[in-house]
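Okay, structure first, notes after.
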There are 2 protein chains.
Amino acid sequence: MTEQSGPSTQQIVEKVWLSIAERRLRPGVQLKEEQLATIFNVSRARIRQALTVLERDGLVTIIPNRGAFICKPSVEEARDVFFVRRTVERCVIERLCVSVSKPNLRRLRDHVAQERIANAQDITTDIIKLSGGFHLLLAETVGSDFLFTTMRDLISRSSLITAVYRNTNRFNCGPDEHAEIVEAIANNDAVKATHLMAHHLDHVESELDLSEIRDLSHDLRAALS
Amino acid sequence: MTEQSGPSTQQIVEKVWLSIAERRLRPGVQLKEEQLATIFNVSRARIRQALTVLERDGLVTIIPNRGAFICKPSVEEARDVFFVRRTVERCVIERLCVSVSKPNLRRLRDHVAQERIANAQDITTDIIKLSGGFHLLLAETVGSDFLFTTMRDLISRSSLITAVYRNTNRFNCGPDEHAEIVEAIANNDAVKATHLMAHHLDHVESELDLSEIRDLSHDLRAALS
DNA sequence: GATTGCAGGATTGTAGACAATATGATTTGA
DNA sequence: TCAAATCATATTGTCTACAATCCTGCAATC
C-alpha cells in the first residue's frame with residue numbers, strides 16, 4: 001500500500017543527464033511527461049520540475065504547449081560554449097594559483113586518482129561523471145558560488161555537445177592532462193597552469209566532429225533503464 | 001464567471017524583482033505561496049513556478065518544506081559577483097569591439113537615449129530596468145547565448161546587492177558612463193572600452209556600503225501593489 | 001526557572017482531474 | 001490530384017483537494 005515515493009527530482013535529472021551523455025537519448029527526442037512519469041513511477045508534477053531544471057542546464061528545450069525536447073546544439077553554439085569556457089576556466093585557474101589550501105589540493109589529487117581508477121576499469125558512467133566533475137571541482141575550490149554555478153552550466157552543455165559531436169569512442173578528457181594542471185596549481189605556476197588548461201580545452205574541442213547530426217532512436221524506456 | 005487568468009509567471013517574476021530592487025521587499029522576508037497567490041490572483045502552482053525562476057536568478061532561497069525567502073547576499077558574495085562581472089563584461093566588450101554591426105550600434109545608442117529620458121524624468125522604475133538592461137543589451141549584441149544568460153544572472157544578483165548595500169539615493173549606474181562605452185565600441189577602441197567598463201564597475205561597486213544589513217519590513221501587500 | 005514533550009495551526013509538497021492547445025489523419029471541394 | 005478545412009487524438013497547462021512537514025505556544029516535569 002505504501003508505494004515508494006519514487007526518485008527525487010534531482011535523481012531524475014541526473015538519470016536523464018547521464019542517458020544523454022551516454023548517447024542513449026538522442027537530440028531532438030521529445031520527453032513526454034506522462035511517459036517519464038510512468039517510467040520513473042512519479043507524478044507528472046515532479047517530472048515537470050525535473051524538466052525545468054534540465055532546461056536551465058541547457059539540455060532540453062521546452063516549447064510552450066508543445067513539450068520538452070533534447071537540445072540539438074548547433075556548431076555555432078558548441079564553439080560558443082567552448083569560447084566561454086576558455087575565459088571562465090582561465091579565471092578559475094588564475095584565482096586558484098593565487099591561493100589554494102592544502103585540503104583543497106588534496107581533494108583535487110584525490111579526484112584525479114578516482115579518474116584514473118575509473119579509466120583503468122573502463123566504467124563509462126564514472127568516467128563521464130568524474131571527467132566533468134574535475135572542472136566543477138576546480139570551480140568549487142575557488143570558493144565563488146557564481147563561478148561554480150556558471151561552470152556547472154558550462155559543463156552540462158559541454159556534455160551534451162560532446163555526446164552529439166564526439167567522433168572517437170574514448171573520452172579524451174582523461175586524467176593525465178588533469179593531473180598536470182593540478183600540479184601546476186600546486187606550484188602556484190599560473191602561467192603554466194593556464195597554458196595547460198588552454199591546451200586541454202583545445203584538445204577536447206579538437207576531438208569533436210562538427211558535421212551534421214545523425215538521426216535518433218525512440219526507445220525511451222530502454223535508454224533510461 | 002470567466003475570471004481573468006491573472007498575470008503570467010514572467011510578469012510575477014518581474015513584479016517581485018522590481019519590488020526587491022526598489023527596496024520595498026527586504027532580504028529575509030518569507031514569500032508565502034498562498035499570500036502571493038491571493039495578491040496576484042493566481043493559483044499557487046503558478047506562484048511556485050515564479051519562485052523557482054526567482055531562485056535561479058539568485059533573488060530568493062528556497063528551503064525545502066520551509067519556504068522561499070529573499071536572499072541576504074553577504075559582503076563576500078557581493079564582492080564575488082562584481083569580480084565575475086569584471087571578467088565577463090570585459091569578455092563581452094572585447095568581442096564587441098572586434099565586430100559590431102551598425103544596427104546593433106544603433107540599438108545601443110537608442111538604449112542610452114532612453115536611459116537619459118528616464119533619468120531626466122526621474123522615473124525610478126524605468127531607471128532601474130534600463131540601467132541593468134544596458135549591460136544585458138551589450139551581452140545580447142555579442143550574439144552568444146551563454147554570455148547573455150550569464151550576464152542576466154549577474155545583473156539580477158547585482159540588482160539585489162545594490163538594493164541591499166546601496167548607500168546613496170541616486171542610481172549612479174547612469175547613462176553618461178554608458179554612453180562613453182558605446183562610443184568607444186563604435187570606434188573599435190578595445191583598450192579604451194575595457195578601461196571605461198572597468199572604471200564603471202569600480203564606480204558602481206564603490207557606491208556600496210558594505211556594513212551590516214538593516215532589518216526588514218513585513219508589509220507584503222503594500223510592497224507589491 | 002529552564003527544558004522537554006505535545007498538540008494546534010499554518011505552510012509546503014504531491015497527486016489527480018479537468019481545460020486548453022497542438023498535431024495528424026480524413027474528408028471534401030476545386 | 002492537390003489543397004484546405006475539420007474532426008479526433010494526444011499532449012501540455014492549470015487548478016483544487018489532500019497529505020506530509022514544520023513552526024509556535026503551552027503545559028508539565030525535572
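Order of the sequence lines sets the chain letters (A, B, ...), proteins ahead of strands, with each chain counted from 1.
Checked against the 6.0 Å centroid threshold, A:H111 and A:H135 do not count as a close aromatic pair.
Between B:E34 and A:S43, the residue anchored closer to the 5' end of DNA chain C is B:E34, taking for each the nucleotide with the nearest heavy atom. In terms of position on DNA chain C, the residue among A:A45 and B:G67 whose nearest nucleotide sits closer to the 5' end is B:G67.
Taking atom CD of residue B:Q49 and atom C1' of nucleotide D:dG13, one finds them 8 Å apart after rounding to whole Å. Atom CZ of A:F69 and atom C1' of C:dA22 are 11 Å apart (whole Å). The distance from atom CZ of A:R46 to atom P of C:dT12 is 18 Å, rounded to the nearest whole Å. Distance A:Q30 CD to C:dA22 P: 14 Å, rounded to the nearest Å. Atom P of nucleotide C:dG16 and atom CD1 of A:I47 are separated by 13 Å, given to the nearest angstrom. Look at CD on B:Q35: it is 13 Å from P on C:dA10, rounded to the nearest Å. Put simply, CD on A:E33 is 16 Å from P on C:dT21, counting in whole angstrom units. Rounded to whole angstrom, the span from the CZ atom of A:R44 across to the C1' atom of D:dT11 amounts to 8 Å.
Evaluation of the salt bridge (charged side-chain N to carboxylate O under 4.0 Å, His left out) rule for B:E89 yields B:R85 as partners, not counting sequence neighbours. Applying the salt bridge (charged side-chain N to carboxylate O under 4.0 Å, His left out) criterion to B:R48, with sequence neighbours excluded, gives B:E33. Under the rule for a ring-ring contact (aromatic ring centres under 6.0 Å, His included), A:F83 has no partner lying at least two apart in sequence or in another chain.
The stretch residues 54-66 of chain B touches DNA chain D through B:N65, B:R66, each having a heavy atom under 4.0 angstrom from the strand.
Listed by first and then second residue, the side chain to side chain donor-acceptor pair (under 3.5 Å) pairs involving residues 52-65 of chain A amount to none (not counting sequence neighbours). Evaluation of the salt bridge (charged side-chain N to carboxylate O under 4.0 Å, His left out) test over residues 145-157 of chain B, restricted to residues two or more places apart or in two chains, returns none.
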